[in-house]
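Note sheet for the following structure.
Only a predicted model underlies this, so the values are computations on that prediction, with no experimental measurement involved.
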Amino acid sequence: MKEDKSFFEQVWEITRLIPEGRVTSYGAIAECLGAARSARMVGWALNASTNINPHVPAHRVVNKNGLLTGKFHFEGYNIMQDLLQSEGIIVIDNKIKDFEKHFWNPSELIEE
DNA sequence: ATTTTGACGACGT
DNA sequence: GACGTCGCCAAAA
């Protein structure tokens with residue numbers, strides 16, 4: 001039933017499930033989808049998500065380093081950073097402070 | 001159908 | 001530990 005959706009939609013779905021004040025990495029989402037080695041695809045999917053109907057909290061998705069790699073893809077320069085800080089996440093120099101502390105595992109909420 | 005790329009990740013140097 | 005290269009998979013040109 002879920003395979004009907006494109007890889008993108010699956011990424012958006014998981015990204016939307018990210019609780020506030022939590023962040024995750026592209027690889028984690030990719031792994032949850034079964035495309036563990038396709039972390040890049042997650043980023044690609046999120047790229048399209050910036051133009052879809054429900055707002056996808058792509059700002060909560062960062063790379064494994066906790067670095068806001070995609071912040072440049074947002075409307076403004078510090079949009080992503082500002083949003084994260086609004087949720088209680090400390091961002092310093094485009095990087096999430098205590099990244100692993102705010103890290104959220106998609107498999108934690110998603111049950112196959 | 002083929003080639004290029006792309007918001008990453010892991011490994012090698 | 002910083003920098004470089006390869007690998008993965010899927011979509012766009």
| query | Do the non-hydrogen side-chain atoms of A/L67 and A/N94 ever get within less than 4.5 Å of each other? | reply | yes
| Can you tell me how far P of B/dA7 sits from CD1 of A/I79, to the nearest Å? | 18 Å
| field | Below 4.0 Å: OP1/OP2 of B/dC8 and any side-chain N or O of A/S38 | value | no
| said: So A/A58, base contact, sugar-phosphate only, or nothing? Heavy-atom distance under 4.0 Å. | reply: base
| remark: Per-residue pairing states of DNA chain B in dot-bracket (Watson-Crick or G-U under 3.5 Å; . unpaired, | other strand) read .|||||.||||||
| Rounded distance (Å) that lies between atom P of B/dC8 and atom CD of A/E31 | 17 Å
| Partner of A/V61 under side-chain contact (heavy atoms from CB on, under 4.5 Å), chosen from A/I14, A/T69, A/L46 | A/L46
| message | Can you tell me which nucleotide in B/dA7, B/dG9, C/dA10 comes closest to the side chain of A/F7? | response | C/dA10
| query | Rounded to whole angstrom units, what separation is found between the NZ atom of A/K71 and the C1' atom of B/dA7? | reply | 13 Å
| said: Under the criterion side chain to side chain contact (heavy atoms under 4.5 Å, CB included), I'd like the reasoning laid out for A/I90 against A/D98: C-alpha separation, chi angles, the key distance, then a yes or no. | reply: CA-CA 8 Å; A/I90 311 300; A/D98 300 319; 5.9 Å; no
| note | Separation between CD1 (A/I96) and CZ (A/F103), nearest 0.5 Å, reads 10.0 Å
| task | Can you tell me the distance, in whole Å, between the CD1 atom of A/I29 and the P atom of C/dC9? | result | 18 Å
| When the nearest nucleotide of DNA chain C is assigned to A/R37 and to A/W44 on a heavy-atom basis, which residue is associated with the more 5' position? | A/R37
| field | Sugar-phosphate only, base, or nothing, as touched by A/T50 at under 4.0 Å among non-hydrogen atoms | value | base
| remark: In this structure, CG of A/L84 is separated from CD of A/E20 (nearest 0.5 Å) by 11.0 Å
| task | Have a look at A/F72 and say if it touches a base, only the backbone sugar-phosphate, or nothing, with a 4.0 Å heavy-atom cut-off. | result | nothing
| Roughly how far, to the nearest 0.5 Å, is the CD atom of A/Q81 from the CG atom of A/D93? | 8.5 Å
| Hey, does A/N47 reach any base, or is it just sugar-phosphate, or nothing, if we go heavy atoms under 4.0 Å? | base
| field | Heavy-atom donor-acceptor pair, A/R40 side-chain to B/dC8 base, under 3.5 Å | value | yes
| task | Find the distance A/L67:CG to C/dC3:C1' and express it as a whole number of Å. | result | 16 Å
| Over how many whole Å does the gap from A/N65 atom CG to B/dC8 atom C1' extend? | 9 Å
| said: Below 30° counts as parallel, above 60° as perpendicular, anything between as tilted: where do the rings of A/H55 and A/H59 land? | reply: parallel
| request: Calculate the interatomic distance between A/Y77 atom OH and B/dA7 atom C1'; express it in whole Å. | output: 16 Å
| query | Can you tell me how far P of B/dA7 sits from CZ of A/R60, to the nearest Å? | reply | 22 Å
